[in-house]
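Notes for the one structure printed next.
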Amino acid sequence: PVTNLREKEVPTAITPAVSKVTEKIPTDQVAQFAPKLRRVAYIWSPQLIDLCNLLPRVLHRASRVHTLIESYGLLTYGPITVLPPIEGGKEHLLTFHSQEYVDLLEFLNEEEDSEKWMEKKEEFGISCDCPSFPRIFEVAKMIVGASLTGVQALTSKEYQVAINWTGGWHHSRRDEAAGFCYVNDIVISLLKLTESFKRVLYIDLDLHHGDAVQDAFAHTSRIMTVSFHKYSPGFYPGTGSVEDVGYGRGRYHCVNVPLEDGITDVVFYTVVKRVMFEVQKAYQPSAVVIQCGADCLVGDPMNSFNLTLKGIGNCVDFILRWNLPTLLLGGGGYHTPNTARCWTQLTAVALGVRLKSEIPDHQFFLEYGPDYQLEITPSNRPDLNTKDCLRTTVQTVFRRVRLVFQVLSIGNWMLVQ
Ligand SMILES: O=C(CCc1ccccc1NC(=O)c1cccc(C(F)(F)F)c1)NO
Ligand SMILES: [Zn+2]
């Protein structure tokens, strides 16, 4: 249907919300309406995409995401700057991972099977969940380099938002691959951010609990982790109950919001908005990292939540309106076209622009059939989250988050004494 479109007919895919708003309102009043125009850093290079296309569980996903974003013209839109990732090195991985684990990844890069490392692989989580593959070490360094480039963009104060859709691997542990995550670019980025920002907030919107990120910072109040995820018997990773609050100095600096299958946009957004409003009030973060895993969307093979681009888009928009330096990362997402739709929409949300529903013609256009639309439709599966159960969970979270506020104010009080 699109083959007969000539160049000049291709519609400009972007209708900047800002221009619509400002044309009717006297300029002196426009400030209150237009979302603060943000400078956005989009981390990308051909090598980053080529390497991330090799990830076994999300083969060729990286190129679909990037190409759809490019096809909407978002990368040539004023406030966005494309930044190539710095070359991630061993030293970056070693800020979180053990020497032995990093050495194993380096050895596996050449994919030579030797007896010595065979049993080691199992010990370090390289198994069926996280299969080894050629260039695994180059991929790991590149992903970490890309997320750290995003951190650098924020600490430079030249950008309010930094985006790395190839990052977000929240299950990887210090010395073990897990849940299909080989390196934890999130922990490495959060550690770097605390060098420039006093209190950093981590928000995990992926279907799965952000367990390894939470555990890495469970003993400190310098980072607060908040995870919204499916929590039900036998569902991976099995952690993240509302009782899971962190330990010692980190007590109450871990917030977990366990959810059941079938949750819809309105219910999810209401819960996220309420919890995040309290967290922002109590913790007063100075920088934010959001893991935007798209396996929470309707149509994902995980077949769990019933969210669309609207639900997750409103959540990210709500947090971006705090106008804090924010790093957006990817993560799960196993329906590749829907994941590309989701992260294209979130890129547009960061830029404050609305996108046309028609998927623009581009190299992978035919993968967006049968409707070739940006929006996805929720299913009519039941929402297993009852009002009572959600209210109890949110009230429990409120009580604990207010304790964070007390800890914070006592901390400030002691500083003043
Ligand atoms: O998405 C994840 C990891 C999901 C995971 C955890 C533990 C072991 C394996 C996995 N990954 C999958 O189950 C998986 C990955 C890709 C595709 C699929 C599919 F079968 F649903 F398509 C399933 N974390 O945010
Ligand atoms: Zn996931």
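One-based numbering, in listed order, for ligands and for the atoms of each.
- Between His209 and His229, the two ring planes are tilted [angle within 30° to 60°].
- For atom 19 (C) of ligand 1, the closest non-hydrogen atom on the protein side is Pro301 CB, 3.8 Å.
- The protein heavy atom nearest to atom 15 (C) of ligand 1 is Arg57 CD, 3.0 Å.
- In summary, Arg402 and Glu278 engage in a salt bridge, as defined by a charged side-chain N under 4.0 Å from a carboxylate O.
- Taking a 4.0 Å cut-off on heavy atoms, Tyr236 registers as neighbouring ligand 1.
- The protein non-hydrogen atom at the shortest distance from atom 23 (C) of ligand 1 is Met302 CE, 3.7 Å.
- Atom 18 (C) of ligand 1 has Tyr334 CG, 4.3 Å as its closest protein atom, hydrogens excluded (heavy atom only).
- Near His208, meaning under 4.0 Å from one of its heavy atoms, ligand 1 places the atoms 1 (O), 2 (C), 4 (C), 24 (N), 25 (O).
- Gly179 O, 3.3 Å is the protein heavy atom nearest to atom 3 (C) of ligand 1.
- A donor-acceptor pair is defined here as one N or O able to donate and one able to accept, closer than 3.5 Å; such a pair exists between the side chain of Ser304 and the backbone of Met302.
- Taking the six-membered ring for Trp and thresholds of 30 and 60 degrees, Tyr368 and His362 have ring planes inclined between 30 and 60 degrees apart.
- For a threshold of 3.5 Å applied to N or O pairs, the pair formed by Asp295 and ligand 1 contains at least one separation below that value.
- Residue Gln291 places no N or O, backbone or side chain, under 3.5 Å from any N or O of ligand 1.
- In summary, Arg173 and Asp211 engage in a salt bridge, as defined by a charged side-chain N under 4.0 Å from a carboxylate O.
- Counting protein heavy atoms only, atom 25 (O) of ligand 1 is closest to His170 NE2, 2.6 Å.
- Looking at Asp206, its N, O or S atom nearest to the Zn ion (ligand 2) turns out to be OD1.
- Judged by distance alone, the side chain of Asn256 and the main-chain N or O of Asp244 form a donor-acceptor pair under 3.5 Å.
- Of the N and O atoms on the side chains of Trp165 and His66, not one donor lies less than 3.5 Å from an acceptor on the other residue.
- Distances from atom 21 (F) of ligand 1 to the protein include at least one heavy-atom value under 4.0 Å.
- Distance screen at 4.0 Å: atom 7 (C) of ligand 1 has a protein heavy-atom neighbour inside the cut-off.
- Nearest non-hydrogen protein atom to atom 24 (N) of ligand 1 is His171 NE2, 2.7 Å.
- Using a 4.5 Å heavy-atom cutoff, the side chains of Ser227 and Gln291 are not in contact.
- For the Zn ion (ligand 2), the nearest N, O or S atom contributed by Asp295 is named OD2.
- Seen from the ring of Tyr252, Arg400 does not count as a face-on cation partner, given the 6.0 Å and 45° thresholds.
- Ring geometry, His170 versus His208: the interplanar angle exceeds 60°, so the pair is classed perpendicular (tilted spans 30 to 60°).
- The distance from the Zn ion (ligand 2) to the nearest N/O/S atom of His208 is under 2.8 Å.
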